[in-house]
Amino acid sequence: MSSNTIDLARRLAELGQKEDAQQAYLMVLQEVSEKQPELEMEAASFIFFSEGDYQIAYTTFVSLYNRGFYQAELMDLMTQAFYLPNVAEQMKRYEQNCERLGRYPYLFRKDFLAFGDLPIKFFPFNDEGYIPYYKAENRFGSYVNFNDPVIDRYFFNDLENPILAKDVYSQYQLEYLTDNVRKSEWVGRENHIYLHYTDWAVFCAYLQCLSIYNLLRDSKQVFLIGNEVSQYPIDFKERFGIDYSKYPVKPVSIREVNRLIWHTQLAAHNGGDFFNEIFYGHPNLLSFESILFDTVLSQIKEYREQLKKKRCKSKLGIQLSQLQHPTDKDFLVALFLETAPDSVHTCRIAPALFFQPHFHNVICEMRVDDKTGKTLLYSEQFDELSKSSIFQHFKYIKTFTPMRRITTSYAATIRFMRNSNFQSSDAVTPDVMAERLLNRSFMVDRYNRLYRDSVLVRFEDGKLNPKATFTALAEFLDIPYTESMTYCSSKDGINPESLKGNVRGFDTATVYRTYDEFANDDERAFIEYFMRDAYEYYGYDFQYYKGEPVDEQWVTNKIKGFTCINEVIEKSWEDNLLSKKDEEQQYEDIVAQAKRVTENYDENRMNIAHLLMRGLRFVNKQGQPLHMMMPLRLDPDLLEQPLYH
């Protein structure tokens with residue numbers, strides 16, 4: 001590290017220029033090596049005591065402590081600053097948990113540790129999470145947020161037997177199990193949630209932070225400590241005199257459904273219908289085929305009107321009328337439950353609602369903030385979804401996005417539009433090239449609620465390696481991999497034709513089809529270059545961009561070669577204008593007018609290219625950086641063919 005940086009920080013501190021000194025000390029922390037702990041301590045201490053970014057100071061203190069530096073001083077500082085102001089709340093929660101669990105019939109061990117003997121201390125880091133301190137090891141652990149809305153376990157893999165889960169120390173996941181595993185009395189068989197904790201002292205320690213006492217109302221949980229796991233599953237009739245087989249199966253109620261699987265629409269002709277056909281008929285899902293979002297909203301509105309007029313005589317309509325303040329989510333669930341298979345009512349778990357709200361097109365915009373120089377990525381369609389009360393009222397959301405090779409999806413879209421436009425003189429083809437260049441909806445804010453638990457899955461993998469792909473996707477979505485996922489189906493039967501001329505089922509023709517008559521090499525090289533980060537991250541090889549340097553002349557030459565898409569656009573505009581022309585309008589004028597459309601599109605494409613040549617870094621409306629959605633990882637042992645590239 002340059003001595004100038006630390007000297008500058010010290011001088012600014014001496015002069016009382018607090019904010020500037022904080023920034024200088026931040027630079028010290030960025031530049032300093034681990035061989036200079038005294039400078040780390042100086043920088044972090046100044047930032048902390050001058051009320052700068054305490055989390056940066058906190059992180060540095062933890063790092064220093066774990067490396068063996070200044071442990072006595074740091075433990076005293078962190079205890080006074082972070083632990084003691086919050087310990088009363090932790091102690092109260094611990095006492096509440098112990099008191100309630102002490103009376104709970106399905107926890108068979110009651111020798112709770114004294115609070116001071118617990119092996120872990122939890123130091124609050126922010127409003128959401130803690131840094132654990134392990135007493136016996138004299139070290140701090142990694143940050144933990146007990147309410148992080150992520151399900152990273154495969155809880156519902158095997159539903160032949162009651163759920164058995166080991167060492168679940170997530171409040172969110174404990175609530176997820178409680179909310180989604182149906183009561184034994186409702187399914188007519190023993191169906192408790194068996195929670196196995198391997199270490200009693202550690203289990204007690206986590207009772208400082210978890211609100212387990214709030215989850216015990218329906219007595220769904222059985223706690224097994226250490227070797228008690230050998231008791232799984234318990235014969236409740238023999239041991240407790242409860243014969244659940246005498247209870248009739250209870251149909252799933254509207255508010256039992258609180259888990260949403262959002263199948264997002266990345267772009268047109270991206271393989272969405274194929275994925276819908278895989279999940280259609282799954283015994284643990286409520287699903288429709290692809291449905292327009294506007295249609296869903298209209299159906300909910302109509303359902304509400306019928307309820308107001310007391311015209312809903314069905315069981316679900318009656319149930320809706322009995323709910324206090326039914327939400328749009330309640331109406332959506334009712335719509336899906338109306339066509340649900342009988343299997344969802346007899347299953348151990350409440351069904352998840354599988355939803356692909358479809359748009360005619362997904363339009364994205366990019367805007368540059370002149371002050372920060374950052375590029376904002378925005379989509380009206382996704383903004384509408386994120387604000388929708390439907391999504392806001394689901395407590396548990398899993399999101400997956402199919403992706404197809406972008407040049408293939410692009411050309412397939414032009415094919416569809418050309419065929420559609422030739423049949424209708426009213427339709428004009430939009431600039432599909434510009435739409436694809438701007439559409440980077442595979443980039444997300446990983447802390448956005450809708451994308452916090454999300455994954456991207458490639459269309460080509462689903463076609464070429466269906467078993468590996470859909471076993472992995474089932475695990476991510478926490479649903480069983482069932483026979484229904486080994487074939488494509490819809491209300492029309494097995495291997496339906498989603499659109500006239502489309503291949504059926506697992507036919508791999510669409511993997512290798514390049515649609516050369518609908519896109520040329522200049523167009524596809526342009527897309528590959530400006531989507532190169534997505535190609536590299538998601539494992540697609542370049543087929544048209546050859547790795548040559550890209551400058552303004554390259555961009556200009558490529559845009560001049562956009563003959564395929566421009567021909568389709570001009571033809572659609574000519575047909576549209578001809579259908580409306582008056583007697584005095586000449587055909588040559590119409591052709592020229594259509595030509596001006598593509599000339600304007602070329603100018604806009606050049607502007608987009610200039611924007612993208614600044615760099616492929618983007619932020620959302622809140623200024624948070626966007627990252628690639630995590631790709632679905634396949635088990636190599638299940639691959640039937642080499643991975644597609």
Side-chain angles (χ1 to χ4, degrees), residues 1 5-6 9-10 12-34 36-97 113-148 169-171 201-202 204-211 447:
M1 185 193 74
T5 307
I6 187 64
R10 289 167 175 166
L12 289 169
E14 288 174 4
L15 294 173
Q17 298 180 22
K18 185 174 72 171
E19 288 79 9
D20 290 337
Q22 289 170 353
Q23 291 302 313
Y25 273 119
L26 282 174
M27 291 176 61
V28 171
L29 290 176
Q30 292 167 1
E31 296 177 9
V32 72
S33 74
E34 291 193 353
Q36 297 172 296
E38 69 283 355
L39 296 184
E40 288 182 78
M41 185 67 168
E42 178 184 339
S45 296
F46 181 86
I47 292 168
F48 178 75
F49 287 109
S50 64
E51 299 181 334
D53 189 333
Y54 82 90
Q55 292 183 357
I56 291 176
Y58 195 148
T59 302
T60 304
F61 293 152
V62 167
S63 173
L64 285 166
Y65 190 96
N66 284 349
R67 284 149 47 207
F69 298 109
Y70 310 109
Q71 288 190 335
E73 299 94 320
L74 286 172
M75 181 55 72
D76 182 62
L77 185 157
M78 294 177 68
T79 299
Q80 296 295 327
F82 303 116
Y83 183 73
L84 291 180
N86 299 279
V87 70
E89 181 181 349
Q90 293 181 27
M91 189 178 298
K92 179 180 178 181
R93 189 180 297 113
Y94 182 70
E95 291 171 352
Q96 288 175 326
N97 280 319
L113 276 66
F115 186 81
D117 294 334
L118 296 174
I120 307 172
K121 283 186 173 182
F122 289 94
F123 286 67
F125 182 79
N126 54 23
D127 291 340
E128 289 78 39
Y130 302 83
I131 302 290
Y133 170 70
Y134 302 102
K135 294 180 181 179
E137 302 169 42
N138 189 30
R139 67 172 181 88
F140 287 94
S142 301
Y143 172 82
V144 57
N145 174 5
F146 295 109
N147 289 294
D148 189 11
Y169 289 120
S170 159
Q171 183 74 32
V202 172
C204 290
Y206 277 91
L207 296 180
Q208 302 172 77
C209 302
L210 301 175
S211 296
Y447 288 92

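This is a predicted model, so every value here is computed, not measured.
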Please evaluate residues K121 and V87 with respect to the criterion side-chain contact (heavy atoms from CB on, under 4.5 Å), reporting the C-alpha separation (whole Å), side-chain torsions for both, the decisive distance (0.1 Å), and the verdict. CA-CA 9 Å; K121 283 186 173 182; V87 70; over 6 Å; no
With E89 via salt bridge (Lys or Arg N to Asp or Glu O under 4.0 Å) - residues at least two apart: R93
Under the side chain to side chain donor-acceptor pair (under 3.5 Å) test, residues paired with E38 that sit two or more places apart: none
side-chain hydrogen bond (donor to acceptor under 3.5 Å, both in side chains), that's the test. Do N97 and Q208 meet it? Break it down for me. CA-CA 8 Å; N97 280 319; Q208 302 172 77; over 6 Å; no
Kindly compute the distance separating CZ (F146) from OG (S170), expressed to the nearest 0.5 Å. 8.5 Å
Kindly indicate, with the supporting measurements, whether the criterion side-chain contact (heavy atoms from CB on, under 4.5 Å) is fulfilled by F48 and L77. CA-CA 11 Å; F48 178 75; L77 185 157; 4.1 Å; yes
Please find out if less than 6.0 Å separates the ring center of Y83 from that of F123. yes
Holding to side chain to side chain donor-acceptor pair (under 3.5 Å), I want the full list of residues that pass it with Y143, two or more places apart in sequence or in another chain. N126
Could you measure the distance from the SG atom of C204 to the CG atom of L118? Nearest 0.5 Å is fine. 6.5 Å
Could you go through residues 18-29 and list every donor-acceptor pair under 3.5 Å that involves a side-chain atom there, pairing it with any protein atom two or more places apart or in another chain?
residue : atom : partner : partner atom : Å
Q22     : NE2  : S50     : O            : 3.0
Q22     : NE2  : S50     : OG           : 3.0
Y25     : OH   : E42     : OE2          : 2.8

Identify, with sequence neighbours excluded, every residue that meets side chain to side chain contact (heavy atoms under 4.5 Å, CB included) alongside K92. Q96
Contact between P124 and Q90 at the side-chain level, heavy atoms closer than 4.5 Å - yes or no? yes
Please evaluate residues F115 and E95 with respect to the criterion side-chain contact (heavy atoms from CB on, under 4.5 Å), reporting the C-alpha separation (whole Å), side-chain torsions for both, the decisive distance (0.1 Å), and the verdict. CA-CA 9 Å; F115 186 81; E95 291 171 352; over 6 Å; no
How long is the straight-line distance from CD1 of I120 back to CZ of F140, given to the nearest 0.5 Å? 12.5 Å
Please identify each residue that fulfils side chain to side chain contact (heavy atoms under 4.5 Å, CB included) with E14, with sequence neighbours left out. R11
Would you compute the distance between atom OH of Y94 and atom CG of L210 and round it to the nearest 0.5 angstrom? 12.5 Å
My understanding is that only residues two or more places apart in sequence, or in another chain, count here; which of them pass side chain to side chain donor-acceptor pair (under 3.5 Å) with R67? E40, S63
In Å, rounded to the nearest 0.5 Å, how long is the span from CG of L39 to CD of E31? 11.0 Å
Can you list the residues that meet the side chain to side chain donor-acceptor pair (under 3.5 Å) rule with Y206, with sequence neighbours excluded? none
Using the salt bridge (Lys or Arg N to Asp or Glu O under 4.0 Å) criterion, which residues pair with E51? Sequence neighbours excluded. none
Can you check whether Y134's main-chain N or O pairs, donor with acceptor, with N138's side chain at less than 3.5 Å? no
Between A205 and F122, what is the shortest heavy-atom contact and its length? O-CE1, 3.6 Å
For Y447, all residues meeting side chain to side chain contact (heavy atoms under 4.5 Å, CB included), sequence neighbours excluded: D445, R452
Separation of T5 OG1 from R10 CZ (nearest 0.5 Å): 11.0 Å
Among pairs that include at least one residue of residues 125-146, which meet salt bridge (charged side-chain N to carboxylate O under 4.0 Å, His left out), considering only residues two or more places apart or in two chains? E137-R139
Looking only at heavy atoms, what is the nearest atom pair of A57 and I47, with distance? CB-CG2, 4.4 Å
Are F125 and V144 close enough, and set up right, to give a side-chain contact (heavy atoms from CB on, under 4.5 Å), and what steps lead you there? CA-CA 9 Å; F125 182 79; V144 57; over 6 Å; no
Set of side chain to side chain contact (heavy atoms under 4.5 Å, CB included) partners for L74, sequence neighbours left out: M41, F61, L64, Y65, Y70
